*Asks:* 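Mind looking over this structure? Questions follow.
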Amino acid sequence: MEKKKMENLLNELNDSQREAVVYCDGAQLVIAGAGSGKTRVLTYKIAYLLQQYNLAPWNILALTFTNKAAREMKERIARLVGEERARYLLMGTFHSIFARILRSEAAAIGFQSNFTIYDQSDSRSLVKNIIHEKGLDDKEYKPAAVADQISMAKNHLIMPDAFGSCSLFDPRHPQVATIYKMYAMRCRQANAMDFDDLLVQTFLLFSEHEDIRRKYVEKFHYVLVDEYQDTNFAQQRIVYLLTRERQRVCVVGDDAQSIYSFRGADIDNILNFRDAYTNARLFKLEQNYRSTQLIVKAANSLIRKNERQIPKDVYSHNEQGERLQLKPAQSDREEALIVCNDIKRLRRKEDLQWNDFAILYRTNAQSRSFEEQMRKDNIPYRIYGGLSFYQRKEIKDVIAYFRTIVNPDDEEALRRIINYPTRGIGDATVKKIAGAATEHGVSLWAVILQPMLFGLQVAKSTATKIDAFRQLIEGWRERLGTEDAYELGHSIIQESGITKDIYSSHEPDDLSRQENLQEFLAGMQDFVESRREEDRGDETSIADFLQEVALLTDLDSDKDSDQPKVSLMTVHSAKGLEFPVVFIVGLEENIFPSPMCTDSMRALEEERRLLYVAITRAEKHCILTCAENRFRFGRLEFDTPSRFIRDIDPSLLQVDGGNSDRQSFASPRLPWQAQNAHPVATQFKAAPMPRAVSRTKPEPAVDPLSPQFKQLLHTARSGQTNAFTAGRGGNTSSLRRIDTQATHTPPHKDGTGGGSLLREGTIIEHQRFGIGTVVRLEGEGDNEKATVAFRNAGTKQLLLKFARYKIVNS
DNA sequence: CGGCCCCGCGTTTTT
DNA sequence: CGCGGGGCCG
């Protein structure tokens, strides 16, 4: 009967999917093109292993990158083989599965099982403390950069002692090696691991303790890895340690969607999989079930420009569909307007729901303009990512209390709460405690427990305050074993004085902090209840709650997912998702690709893959937008269209000429748009170069794709008095600086003043149109417009808010 | 020690 | 523009 059922299931698959599912004799690499049913293959394969091979669910290990992916896969398997069996599958993120293993094996690697997990901000703050303690200049040793370097080293399994001689080591910053050493030591003293340690320590556990490795090899009969293209070296080695004997390993991924190298992911892992597993068989899934033919073709035409990839031919038999659309906009506001109008139009025309739409951008900061416009238009939306619930100050503070109670050695948590709410233990005292701790090589908490023993010199009144704090923490610690997370958590928030601190004020942002705190408490209650329901009543303590929360991200909380809403997110967080209509916005040089990525071929190819990922999220419509003038860092900048637009086969890209959407937006039309031409063509049309009249020397022409341009961009951004402009590309491009001292200034708060310094007859040098004379002025404040007769570019109307010019002669 | 104010700086993506 | 950190004063 089960066999019969399995046969039916297999019949739902296409040939290549089925082959991938039923091959279970050895290492296996499945290259799954976008939308080719990768998750389907994984779930069916697990069902197959359970039913055909009679593997016990606890003998199957499936590793994913997000909690959400793990949860969804588990649900899908439950539908295939039943709740009961699916429940015992070992399925989760690398980080959460390894954290669980490390807790039970902590002793072997010299940790206690109640270790805390440092998040990125904890790591950075620890690095910062170390830098300061060592008396180094934090301008030269930027904490964030150093922490990233350490993280990168860990992802490559480079231990502190080896760092000085590895390729990541930068001789200009020799102290990083020492900082790394101290960092590792301090983590140990704090009984804490950062995200990367969860991998590094697991690797060390398995490579240095053969008996333990054997135990887990025995346990994991079959190992499956999702999104293998995003694994880093450490993850790849761990998987290898677990599978090298049996070679019962199936990794699934798409090299064309490898977009996490900044996190240490190494595309070589998937490209060279068959070096590690010499007998591995390669399977390819090439039929895309998600998108229309033209979307797939356009995406292919883009990704073909990359050199490093596994050759494959992704195709679709769905309807042909429409070409990609490119809609140029004047400004970021107009861009948002175009997108919102399109959403409303398509929803009516094609009878879609709000949740059928997604707006994808390169950086989180870009969500703002869309948010504003959607508010105005009453379009329901949800922004994913950004700062997660658990990263908010008030929540982090509460969590810091929990962490301290579970693991008082946790230095970062302790520092956070030792004087919050204020209890008279200030910076100076903390420094003394930390000094004593470093001197004796113990944790801060050890010093607090026995100040005399470690020679802590403080005033008597301060000593009393420290001791009061100690008693406070120890009092709660005694209740750890008897009370559940909600009970204890609730009283901690009360007794610590957090409640008093937050509820005493009626400032609007304190109100939202109160709401957040309520929500957090409700979350703990849910946690305790659902654990009880799952028959895990003994895993409801604060420690269990922390374990759950430490590795949770915002994407996991679908509180109000019942309401259909437009999704706004970065391309990175859109991976694995699909939408009937996808807008990819901000397709401009210096945004997408990001300027950080344009130095190396490798990085640029990754950016291209990122755009590939974005396009392949779309089922029916994929609409690209780019804005020419954009507010960034609080100032206006001028962007050229993304070089990636040129990589898309022009016959698969429809460019939107001026239309009704745009007329409602009161902004001047600049030639780039008014000419109604293909922007790819316009991009190379040189703007009229003004004759140099002013005394400032004209800057030499710089190609916007060159490294010098980046340099100039950087100076222009950091300089207070200069704006810059990129001429339209190619060989004749120019980059000039325009002093902004004469630009339009907004009115004062009381409504007076502001405006431009222009009069009729003033001669200005405009950053794009060159030299011209002001003919007429109208409007006020933000709407102030000038009509200017330019020497080489005809008469233009400028919305002064957007214009950059300087006065030559008035 | 605590609170307030000002300055400076930055924004790539995240388990 | 908005946040966070540092410095200064009470």
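In what follows, every chain begins at residue 1, and chains take the letters A, B, ... in the order their sequences are listed. Every value quoted in this text rests on a predicted model; they were computed, and no experiment measured them.
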*Asks:* To the nearest 0.5 Å, how far apart are OH in Tyr118(A) and CZ in Arg124(A)?
*Replies:* 16.0 Å
*Asks:* What's the CD1-C1' distance between Ile418(A) and dC1(B), to the nearest Å?
*Replies:* 14 Å
*Asks:* So, does Gln235(A) use its side chain to make a donor-acceptor pair with the main chain of Asn232(A) at under 3.5 Å?
*Replies:* yes
*Asks:* Taking the side chain from Arg617(A) and the backbone from Leu577(A), do they hold a donor-acceptor pair closer than 3.5 Å?
*Replies:*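 Yes; at least one donor-acceptor contact below 3.5 Å.
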*Asks:* To the nearest angstrom, how far is Ile259(A) atom CD1 from dT15(B) atom P?
*Replies:* 11 Å
*Asks:* Just call it for Phe195(A): base, sugar-phosphate, or nothing, with non-hydrogen atoms closer than 4.0 Å on any strand.
*Replies:*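 Contact class for Phe195(A): base.
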*Asks:* Hey, what do you get for CD1 (Ile498(A)) to OH (Tyr420(A)), rounding to the nearest 0.5 Å?
*Replies:* 5.5 Å
*Asks:* Please report the distance, rounded to the nearest Å, between CG in Asp230(A) and C1' in dT14(B).
*Replies:* 11 Å
*Asks:* Scan Arg609(A) against the nucleic acid and name what it touches under 4.0 Å (heavy atoms): base, sugar-phosphate only, or nothing.
*Replies:* nothing
*Asks:* For each nucleotide in nucleotides 2-8 of chain B, reading 5' to 3', give B when a protein heavy atom comes within less than 4.0 Å of its base, S when such contact involves only the sugar-phosphate, and - otherwise.
*Replies:* S------
*Asks:* How long is the gap from CG on Asp230(A) to CG on Asp254(A), to the nearest 0.5 Å?
*Replies:* 10.0 Å
*Asks:* In this structure, how many angstroms lie between the C1' atom of dT13(B) and the CZ atom of Phe65(A), rounded?
*Replies:* 15 Å
*Asks:* With distance as the sole test, does Gln236(A) use its side chain to make a donor-acceptor pair with the main-chain N or O of Thr231(A) at under 3.5 Å?
*Replies:* no
*Asks:* By nearest atom, which of the nucleotides dT13(B), dT15(B), dG2(C) is closest to the Asn364(A) side chain?
*Replies:*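 Closest nucleotide to the Asn364(A) side chain: dT13(B).
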*Asks:* What is the distance, to the nearest angstrom, from the NZ atom on Lys154(A) to the P atom on dT15(B)?
*Replies:* 18 Å
*Asks:* Using the rule given for salt bridge (charged side-chain N to carboxylate O under 4.0 Å, His left out), can you reason through Glu412(A) versus Arg416(A), listing the C-alpha separation, both sets of side-chain angles and the distance that settles it, and then say yes or no?
*Replies:* CA-CA 6 Å; Glu412(A) 294 309 309; Arg416(A) 211 182 161 94; over 6 Å; no
*Asks:* Heavy atoms under 4.0 Å is the rule here; annotate nucleotides 4-10 of chain C 5' to 3' with B where the base is hit, S where only the sugar-phosphate is, and - elsewhere.
*Replies:* SSS----
*Asks:* Classify Tyr260(A) by what it touches in the nucleic acid, base, sugar-phosphate, or nothing, heavy-atom distance under 4.0 Å.
*Replies:*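 Here Tyr260(A) touches the backbone only, sparing every base.
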*Asks:* Output the distance between atom CG (Leu456(A)) and atom NZ (Lys432(A)), rounded to the nearest 0.5 Å.
*Replies:*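 Output value for this atom pair is 7.5 Å.
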*Asks:* Select one nucleotide: of dC1(B), dT14(B), dT11(B), the one nearest the side-chain heavy atoms of Ala365(A).
*Replies:* dT11(B)
*Asks:* When you compare dT13(B) with dG4(C), how far apart are their P atoms, in angstrom units rounded to a whole number?
*Replies:*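 Looking at atom P only, dT13(B) and dG4(C) are 16 Å apart.
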*Asks:* Between Ser258(A) (side chain only) and Asp255(A) (backbone N and O only), is there a donor and an acceptor less than 3.5 Å apart?
*Replies:* no
*Asks:* Would you mind classifying the nucleic acid contact of Ser96(A) as base, sugar-phosphate or nothing, using non-hydrogen atoms under 4.0 angstrom?
*Replies:* nothing
*Asks:* Nearest whole angstrom, please: distance from the P of dT14(B) to the OH of Tyr390(A).
*Replies:*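 Going from Tyr390(A) (OH) to dT14(B) (P), I get 18 Å.
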*Asks:* Looking at the side chain of Lys142(A), which of dG10(B), dT15(B), dT13(B) is the nearest nucleotide?
*Replies:*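 Among the listed nucleotides, the one closest to the side chain of Lys142(A) is dG10(B).
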*Asks:* Look at the side chain of Arg368(A) and decide which nucleotide, out of dT11(B), dT13(B), dG2(C), has an atom nearest to it.
*Replies:*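 Closest of the options to the side chain of Arg368(A): dG2(C).
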*Asks:* Is Ser573(A) near enough to dT14(B) that one of its side-chain N or O atoms lies under 4.0 angstrom from OP1 or OP2?
*Replies:* yes
*Asks:* Which is more 5' along DNA chain B, the nucleotide nearest Ala428(A) or the one nearest Thr64(A)? Just name the residue.
*Replies:* Ala428(A)
*Asks:* Can you measure Leu199(A) atom CG to dT15(B) atom P for me and round it to whole angstrom units?
*Replies:*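 Distance, rounded to whole Å: 14 Å.
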*Asks:* Start at the 5' end of DNA chain B and walk down; is the nucleotide closest to Ser594(A) or to Phe94(A) reached first?
*Replies:*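 Of the two residues, Ser594(A) wins.
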*Asks:* dT14(B) P sits how many Å from Asp148(A) CG, rounded?
*Replies:* 14 Å
*Asks:* Mark yes or no: Arg608(A) above the aromatic ring of Tyr612(A), with NZ or CZ under 6.0 Å from the six-membered ring centre and no more than 45 degrees from the axis.
*Replies:* no
